[in-house]
Each structure stands twice: as structure tokens, then as C-alpha cells.
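Structure record follows, encoded as C-alpha cells.
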Amino acid sequence: MGTAHGDDRIEPFSVAVDPGVLDDLRARVRAARLPAPAPGPAWAQGTDRDWLEGLLGYWARGFDWPAAERALNRYAHYRARIGGTVVHFVHERARHGAGIPLILGHGIAGPAFDVVIPSLPGYGFSSRPAVPGGVTYRYVAGLWHALMGGLGYARYAAGGGDFGAGVATFMALADPEPLIGLHLTNLELTPYTGPGSRPLSAAEQAYQELSRRWAQAEGGYYAIQSTKPQTLGYALNDSPAGLAAWILEKWRSWSDCHGDLESRFSRDFLLTVVTLYWVTGTITSSMRDYYDNRRWQGEPRLGPGDFAGVPTAVAIFPHTLIPEGEPPREWGERLYDIRRWTVQPRGGHFAAAEEPELLARDIAAFFATVDR
């Protein structure tokens with residue numbers, strides 16, 4: 001492909017894992033030393049031992065990584081060097097005509113899209129640089145603007161969920177001019193509610209209370225990842241069994257699976273996710289997102305002048321096993337220019353993987369109405 005800003009290059013990329021890495025992975029899985037089962041109901045104290053043991057057996061003897069690799073390589077992968085960061089991304093152009101450029105993080109009837117799906121710095125095949133101030137939402141927002149400009153797009157849309165929603169928001173806060181609009185699947189950032197803001201509605205107060213209760217019960221992962229990610233990283237980077245247990249317990253808790261994770265996601269899909277973390281060695285660098293945002297931005301704290309003044313759609317997928325609460329629209333309107341607000345009939349935190357059709361239709365319906 002062509003050149004990004006200055007001497008920054010954009011080059012084609014293929015997923016290709018050394019067979020020796022896979023042999024070592026299988027040997028480690030077969031040699032896993034699991035703890036005794038937890039007393040009480042399955043999953044009450046974390047990942048269920050019997051379920052994990054069955055998954056590990058399939059990982060060691062049945063999982064076909066070459067097939068997963070071929071499936072990943074059906075898409076057009078690239079890597080770009082932007083400053084000191086190497087960013088991996090998928091770039092699929094609209095099948096017919098000029099598409100709406102859309103950069104999606106985490107990440108039909110209607111308009112066509114040129115879709116750019118980058119891996120966050122420190123995830124998968126994207127590097128995580130050591131930069132002053134940390135790799136925060138704000139920093140990554142600048143990378144994504146540079147990436148889209150390097151691809152030749154003067155105007156584009158942004159969206160995503162989880163950290164991707166935070167990055168998209170900072171794209172609008174820092175440099176709204178190129179943005180057509182935002183599409184979010186969750187409200188990642190807490191809006192300003194200090195002096196001078198309007199009082200919280202009853203629905204907002206109820207939502208905050210439910211979120212506090214959720215954090216007390218489910219927030220252990222956040223506490224350690226935002227304070228001591230390196231310590232946890234030694235264990236997860238050394239043990240594929242521990243890595244799978246750590247990641248997939250959250251996929252169960254945060255998805256619309258009614259407690260049965262494999263009713264929503266196949267073993268092959270789940271193991272593709274975990275294997276990507278393993279073969280790239282990126283679980284520790286990915287956890288630094290929590291540390292950098294909490295340390296350098298105060299989790300991050302927004303001020304009274306922070307408002308993402310571009311047209312925004314929010315598709316809420318609140319149907320998780322462990323409910324975090326459904327935010328009311330007025331909560332979103334504190335930070336965004338909400339033009340579309342849709343509570344989806346099913347699907348949870350991993351909306352793009354759980355309900356791709358519902359998400360794609362909502363994206364298309366929104367951008368069909370936005371002035372481009």
C-alpha cells in the first residue's frame with residue numbers, strides 16, 4: 001500500500017505462527033497443574049475446574065489452529081508504523097462504490113462501508129510503546145486519526161465498545177473536525193457530574209448504584225490490572241491454562257449466555273481468542289491499558305467543558321450474565337450529542353461477537369441518516 005504520514009509505511013501482513021510456538025503451547029496445556037475444585041456451586045469462586053479441564057483437553061488435542069489462521073487471513077491485514085508504534089489493522093473496502101470510512105475498535109442493508117479495524121497498542125500484532133503519559137485513550141485516539149489520514153480518508157466515522165468506545169470518544173473530544181459521527185456499544189467514560197452540572201435523575205442514581213454493586217462483586221480484575229499488571233502478567237504469560245481461565249471467566253460473566261458460555265461461542269472461537277494472546281505474548285501489555293488510564297488520566301476524569309459534539313448513536317446490549325446495569329439516555333447525553341439510542345433485544349458486552357447482525361444493522365441505520 002501507500003505511505004502514511006511522512007516516512008511511516010503501511011505494509012500487508014499475514015497471520016503466521018511458528019509451529020514450534022504451537023508445539024510448546026500444546027505441551028504446556030497437557031502439563032497444566034490445576035488446583036482442586038472450589039467448594040460450592042460451579043463458577044461461584046471463578047472459572048469452574050471441570051469446564052476448564054475439558055476445554056484444555058480440546059486445546060491440546062482437537063483445536064485446529066491452522067484452520068483458525070486461514071480464517072483470519074481471509075481478511076486484508078496490514079501493519080503501519082505511526083511514530084514509534086506499529087499498528088496492526090484489518091482494512092476491508094466496500095464491495096460496491098465508495099464506502100463510508102469507519103474505524104472500529106474492540107469492535108447490511110444501508111450504506112456501504114470501508115471498515116478499518118485496528119488492534120489496540122499492546123494487543124495482538126500491535127506494539128505498545130513506552131511513551132510519556134502512558135498509552136491512554138487520548139494517545140490512541142491520536143494514533144487512529146493518524147491511521148485514517150494515512151489511508152487517505154479526510155472524513156470518517158469512529159466506533160466501538162469497551163476501550164474502543166473510550167478511544168472513539170477521545171477522537172471526538174480532541175479532533176472532531178474529520179468525524180462524521182460516533183457509534184458506541186457502551187458508555188466507557190464517566191461524564192462530568194461535578195459543580196455546575198444538572199442534578200442526577202432518579203434513573204441515573206439507580207444506574208450508578210447498580211454499577212457500584214457490580215464493581216464490588218466483579219471488579220477484582222480491574223483492581224489488579226490497574227495497579228500491578230506486571231505481577232499478574234508473569235503467571236498469565238507462563239501458563240496457558242491460567243490465561244484461558246482469566247480471560248474466559250469474563251466472557252462468561254459479560255455475555256448473554258445464561259451461564260453456558262458455549263451456548264453463545266464455539267470452543268474454536270474461544271480458543272482462537274486465547275491462542276492469539278498466547279502466541280503474541282500480549283496479555284501483560286494489554287493489561288497496561290488499565291494501569292495507564294488510571295495512573296495518568298485519573299480513570300480518566302472529564303471536566304465540565306468535555307463534550308463529544310459530533311452526531312452519536314448508542315446501541316445498548318445490556319443482557320449480560322452478571323448485570324452491570326442499563327444506562328439511561330440522559331446519562332449518555334451528558335457527554336454525547338445523541339441522535340440514536342437503541343436498547344437491543346439480546347446480546348451483551350461482546351456485541352460484535354455475540355450479535356454481529358444486530359450491531360451491523362444499527363451501524364448502517366445510523367450512518368444512513370448522518371450528513372456525510
Taking 4.0 angstrom as the limit, do Arg334 and Glu330 come out as a salt bridge? no

Are the aromatic ring centres of Trp254 and Tyr221 under 6.0 angstrom apart? yes

Atom OH of Tyr75: over 12 foreign heavy atoms under 6.0 Å: no

When rounded to the nearest 0.5 angstrom, what distance separates CH2 in Trp341 from CD1 in Ile316? 4.0 Å

Heavy-atom closest contact (Arg49 atom, Pro35 atom, distance): NE-O, 2.6 Å

Counting N and O atoms only, with roles assigned by atom type, does the side chain of His91 sit under 3.5 Å from a partner on the main chain of Leu151, one being a donor and the other an acceptor? no

Same apolar cluster: Trp278 and Leu22, side chain cutoff 4.5 Å: yes

Any side-chain donor paired with an acceptor under 3.5 Å for Trp331 and Gln208? no

Would you check if the side chain of Glu188 reaches a backbone N or O of Gly161 as a donor-acceptor pair within less than 3.5 Å? no

State the CD1-CG distance between Ile338 and Leu187, to the nearest 0.5 angstrom. 7.0 Å

Apply side chain to side chain contact (heavy atoms under 4.5 Å, CB included) to the pair Leu102 and Ile363, showing each step before the final yes or no. CA-CA 10 Å; Leu102 173 64; Ile363 291 171; 3.9 Å; yes

Before you tell me yes or no, could you show the steps for Asp175 and Glu177 under side chain to side chain contact (heavy atoms under 4.5 Å, CB included), namely the whole-Å CA-CA distance, both residues' side-chain angles and the distance that decides it to 0.1 Å? CA-CA 6 Å; Asp175 186 11; Glu177 188 62 29; 4.1 Å; yes

Check ion pair Glu204-Arg329 (N to O, under 4.0 angstrom): no

Can you tell me how far apart CD (Glu324) and OH (Tyr207) are? Round to the nearest 0.5 Å. 5.5 Å

Any side-chain donor paired with an acceptor under 3.5 Å for Trp246 and Thr47? no

Does Pro178 reach the side chain of Tyr156, with side-chain heavy atoms less than 4.5 Å apart? yes

Compare all side-chain heavy atoms of Val90 with those of Val115 and state whether any distance is below 4.5 angstrom. no

Under the side chain to side chain contact (heavy atoms under 4.5 Å, CB included) rule, what do Leu248 and Trp51 come out as? Steps first, then yes or no, please. CA-CA 11 Å; Leu248 297 181; Trp51 180 84; 3.8 Å; yes

With distance as the sole criterion, is a donor-acceptor pair present between the side chains of Tyr139 and Thr85 under 3.5 Å? yes

Kindly say whether Gly348 contributes a backbone atom to a donor-acceptor pair with the side chain of Glu354 at under 3.5 angstrom? yes

Is the Tyr290 to Phe163 ring centre distance short of 6.0 Å? yes

Whether Ser126 side chain and Gly122 backbone form a donor-acceptor pair below 3.5 Å: no

With a 4.5 Å limit on heavy-atom distance, are the side chains of Met171 and Leu179 in contact? yes

Please walk me through it: do Thr342 and Asp362 pass side chain to side chain donor-acceptor pair (under 3.5 Å)? CA-CA 8 Å; Thr342 311; Asp362 200 80; 3.3 Å; yes

Distance-only, no hydrogens or angles: does the Arg28 side chain make a donor-acceptor pair with backbone N or O of Asp238 under 3.5 Å? yes

Could you give me the CA-CA distance, side-chain angles and deciding distance for Arg9 and Tyr78, then say whether side chain to side chain contact (heavy atoms under 4.5 Å, CB included) is met? CA-CA 10 Å; Arg9 299 294 301 178; Tyr78 301 90; over 6 Å; no

Under 6.0 Å from the ring centre and within 45 degrees of the ring axis: does the NZ or CZ of Arg252 meet both conditions for the six-membered ring of Trp43? yes

Could you tell me whether Phe13 and His88 have their ring centroids closer than 6.0 angstrom? yes

So, taking the atom named CG in Asn237 and the one named OG1 in Thr282, what distance separates them when rounded to the nearest 0.5 Å? 8.5 Å

Write down the atom of Ser263, the atom of Cys257, and the distance for their closest heavy-atom approach. OG-O, 3.5 Å

State, with a plain yes or no, whether a side-chain heavy atom of Leu147 is found less than 4.5 Å away from one of Ile82. yes

Can you find a heavy atom in the side chain of Phe366 that is under 4.5 Å from one in the side chain of Thr369? yes

Determine yes or no for a side-chain-to-main-chain donor-acceptor pair under 3.5 angstrom, with Glu92 supplying the side chain and Ala76 the backbone. yes

Thr320 side chain to Ile322 backbone, donor-acceptor under 3.5 Å: yes

Does one hydrophobic cluster hold both Ile180 and Phe307, with members joined at side-chain heavy-atom distances below 4.5 Å? no

Distance-minimising heavy-atom pair for Pro191 and Leu302: CA-CD1, 4.4 Å

Taking atom CD of Glu355 and atom NE2 of His319, what is their separation to the nearest 0.5 Å? 9.0 Å

Side chain Ser127, main chain Val86, donor-acceptor under 3.5 Å: yes

Taking 4.0 angstrom as the limit, do Arg294 and Asp292 come out as a salt bridge? no

hydrophobic_cluster_shared for Phe63 and Val17, side chain cutoff 4.5 Å: yes

Does any non-hydrogen side-chain atom of Gln230 lie less than 4.5 Å from one of Arg288? yes

Evaluate the side-chain proximity of Phe113 to Phe367: yes if any heavy-atom separation is below 4.5 Å, no if none is. yes

For residues Tyr222 and Leu210: do they belong to one hydrophobic cluster (side chain heavy atoms under 4.5 Å, members Ile, Leu, Val, Met, Phe, Trp, Tyr)? no

Interatomic distance, CG@Leu261 vs CG@Asp48, rounded to 0.5 Å, equals 12.0 Å

With no hydrogens and no angle check, is any side-chain donor or acceptor of Tyr336 less than 3.5 Å from a backbone partner on Arg339? no

Do the side chains of Ile224 and Tyr277 join up, straight or via other hydrophobic residues, at under 4.5 Å, putting them in one cluster? yes

I'd like to know if the side chain of Glu249 pairs up with that of Ser253 as donor and acceptor (distance under 3.5 Å, no hydrogens or angles considered). yes

What about the rings of His145 and Phe170, do their centers lie closer together than 6.0 Å? no

Backbone of Phe125 reached by a side-chain donor or acceptor of Arg79 within 3.5 Å: yes

Of all heavy-atom pairs between Gly303 and Tyr192, which one has the smallest distance, and what is that distance? O-CB, 3.4 Å

For residues Tyr123 and Ile283, determine if any side-chain heavy atom of one lies less than 4.5 Å from a side-chain heavy atom of the other. no

Grab the two heavy atoms, one from Leu56 and one from Ala241, that are nearest each other, plus how far apart they are. CD1-CB, 3.8 Å

Apply side chain to side chain donor-acceptor pair (under 3.5 Å) to the pair His349 and Asp162, showing each step before the final yes or no. CA-CA 8 Å; His349 181 79; Asp162 201 279; 2.6 Å; yes

Closest non-hydrogen atoms of Gly347 and Asp256, given as atom of the first, atom of the second and distance, are N-OD2, 3.0 Å

Look at Asp114 together with Arg93 and state whether they make a salt bridge at an N to O cut-off of under 4.0 Å. yes

